[in-house]
Amino acid sequence: MSRISRYIAKKFWAPFFFSMGVFTALVVLGDMFEKMKMLSNGYATMGAVLTYSLMMVPTWLTTIMPVACLLGGISVISEMVSSGEWTACVASGFSPKQLFKPIIGCILLVAFVTLLIQEFIVPSLSMKAEVLYRIRIKAEVNFNLNAESDVAMRIADNQMLFAKKVDLGQGVMEDVSLDIYDDLWNIASQFVAKRLVWDEDSQAWIFEKGTRRTFIDELDTEDEHFEQARSPLELPPQDMSVNRTDNKLLSIRGLTKRIQFFKRSGLTTYAAETERQAKLASPFVTLIMCLLGMPFAISIRRKSKILNIIASIVIAFTFWWLISMVTSIGENGYINPFLAGWGPVLFFGAVVFFEFKWLKL
């Protein structure tokens, strides 16, 4: 790396960390004050609200880092332009693309760190924060993030499982009915049981206190009662995805597991697949957002931090608005999830290409 590249890269970090600190503080404080309204319910405590806010910091960081990158890039360029450094560098033979490279390198580093935080830190902390909020702040005493009610799933081509309650964390399903159909989708047999429990030793699902009903014809059935019986369901709890966790709280690995399970069960995967593609595209979103705004700083001949901040916020919110709109459409199945996740990146990538070409950068 040349001396000028190191100089430009070094200038990036001060406005980046400053803007990230300011925006994070504003967002966290705003969220904390909003949750403090719950103190009047007689259950929430100040300690619980503070703990919740701290747990949510990594989540807010991943949201704010792209804006901080954009503001950092615009600030470096506008400062160099206003001080005459940009003109001097260009006059010395450096092209604008060469001067952009160290800033882009810093942005890519931040995007990579953001992806790691989003994948390995945010999901577990966000889930803990959600449980804390529901139980200790909102006072939903019986809330269980791992449990889901009234579940129906296809476990094989001719088998449907229904359960009143599923808790994969405990490996237990309650009030279960497993229907087995013939080739014409006429019901052939049925298991009805009080519970379906995962047995670690035998690596199998076991029915408890139930009845096996065989349908001899339309009017005649044969019932066999049992205390325990092995279930045809072979998928272990860790490979299943039946819970109340929002897609946005899951990592890419968690979303992949959910999508695979939904496909096995014959359920739609629009929402989970759209969220997965959006997460995979997030580093490119950060880069393209910054490339979209950085040339703007060259046109500013006077150093103006307020103008830089306004430009960063306008570009970021325009980007987020389009992403949110397209993602919502994709989650409802109106467009392909891959297009919903990558469409804004491709669109603004083309805008950046023609912007640089038009400005001859």
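- Around CZ of F143, the count of heavy atoms belonging to other residues, nucleotides or ligands within 6.0 Å exceeds 12.
- Electrostatic pairing of K165 and E174 does not count as a salt bridge here, judged by no charged N lying under 4.0 Å from a carboxylate O.
- Note: F284 and W342 meet the aromatic proximity criterion, with ring centroids under 6.0 Å apart.
- Heavy atoms of other residues, nucleotides or ligands lying less than 6.0 angstrom from CD of Q170 number 12 at most.
- Side chains of E273 and R276 form a contact here, defined as non-hydrogen atoms less than 4.5 Å apart.
- A centroid separation of 6.0 Å or more is found between the aromatic rings of F354 and W358.
- With a 6.0 Å radius and a threshold of 12 heavy atoms from other residues, nucleotides or ligands, D223 has its CG atom above the threshold.
- Inter-residue side-chain proximity for I8 and I103 is flagged as met; some heavy-atom pair is nearer than 4.5 Å.
- Panel note: side chain T45, backbone A48; a donor-acceptor pair is recorded below 3.5 Å.
- Using a 30° and 60° split on the angle between ring planes, W86 and F100 fall in the tilted class, from 30° to 60°.
- Summarising the local packing, CG of D157 is surrounded by 12 or fewer heavy atoms from other residues, nucleotides or ligands at distances under 6.0 Å.
- Inter-residue side-chain proximity for V67 and S19 is flagged as unmet; no heavy-atom pair is nearer than 4.5 Å.
- The backbone N or O of I252 sits less than 3.5 Å from a side-chain atom of E119, completing a donor-acceptor pair.
- In this structure the side chain of R195 reaches within 4.5 angstrom of the side chain of V172, judged on heavy atoms.
- Heavy-atom contacts from other residues, nucleotides or ligands closer than 6.0 Å to CH2 of W321 number 12 or fewer.
- Using modelled atom types, one finds a donor on one side chain and an acceptor on the other under 3.5 Å when comparing E85 with Y7.
- Atom CZ of F226 is surrounded by more than 12 heavy atoms from other residues, nucleotides or ligands within 6.0 Å.
- Side chains of Y133 and K35 form a contact here, defined as non-hydrogen atoms less than 4.5 Å apart.
- Heavy atoms of other residues, nucleotides or ligands lying less than 6.0 angstrom from OH of Y270 number 12 at most.
- Within the 3.5 Å criterion, the main-chain N or O of Q238 finds a donor-acceptor partner in the side chain of K257.
- At least one side-chain heavy atom of I107 sits less than 4.5 Å from a side-chain heavy atom of T286.
- Between the side chain of S328 and the backbone N or O of S324, no donor-acceptor pair lies under 3.5 Å.
- Classification of D175 and K194 as a salt-bridged pair holds, one side-chain N sitting under 4.0 Å from a carboxylate O.
- Side-chain contact of T114 with T62: a donor-acceptor pair under 3.5 Å is absent, judged by distance alone.
- A distance-only check finds a donor-acceptor pair linking the side chain of S231 to the backbone of L233 [under 3.5 Å].
- A 6.0 Å sphere centred on OH of Y43 holds no more than 12 heavy atoms belonging to other residues, nucleotides or ligands.
- Under the 4.5 Å side-chain criterion, counting only non-hydrogen atoms from C-beta, C89 is in contact with M80.
- Within the 3.5 Å criterion, the main-chain N or O of D182 finds no donor-acceptor partner in the side chain of N158.
- A distance-only check finds a donor-acceptor pair linking the side chain of N144 to the backbone of N146 [under 3.5 Å].
- A salt bridge links K248 to E331: at least one charged side-chain nitrogen sits closer than 4.0 Å to a carboxylate oxygen.
- For the pair Q203/W198, a side-chain contact is recorded, criterion being any heavy-atom separation below 4.5 Å from C-beta on.
- For S124 (side chain) and I121 (main-chain N/O), a donor-acceptor pair under 3.5 Å exists by modelled atom type.
- Remark: side-chain polar atoms of W205 are paired, donor with acceptor, to backbone N or O of L235 under 3.5 angstrom.
- Taken from CG in L99 to CE in M294, the straight-line distance is 10.0 Å, to the nearest 0.5 Å.
- Ring pair F12/F16 is parallel by interplanar angle, where below 30° counts as parallel and above 60° as perpendicular.
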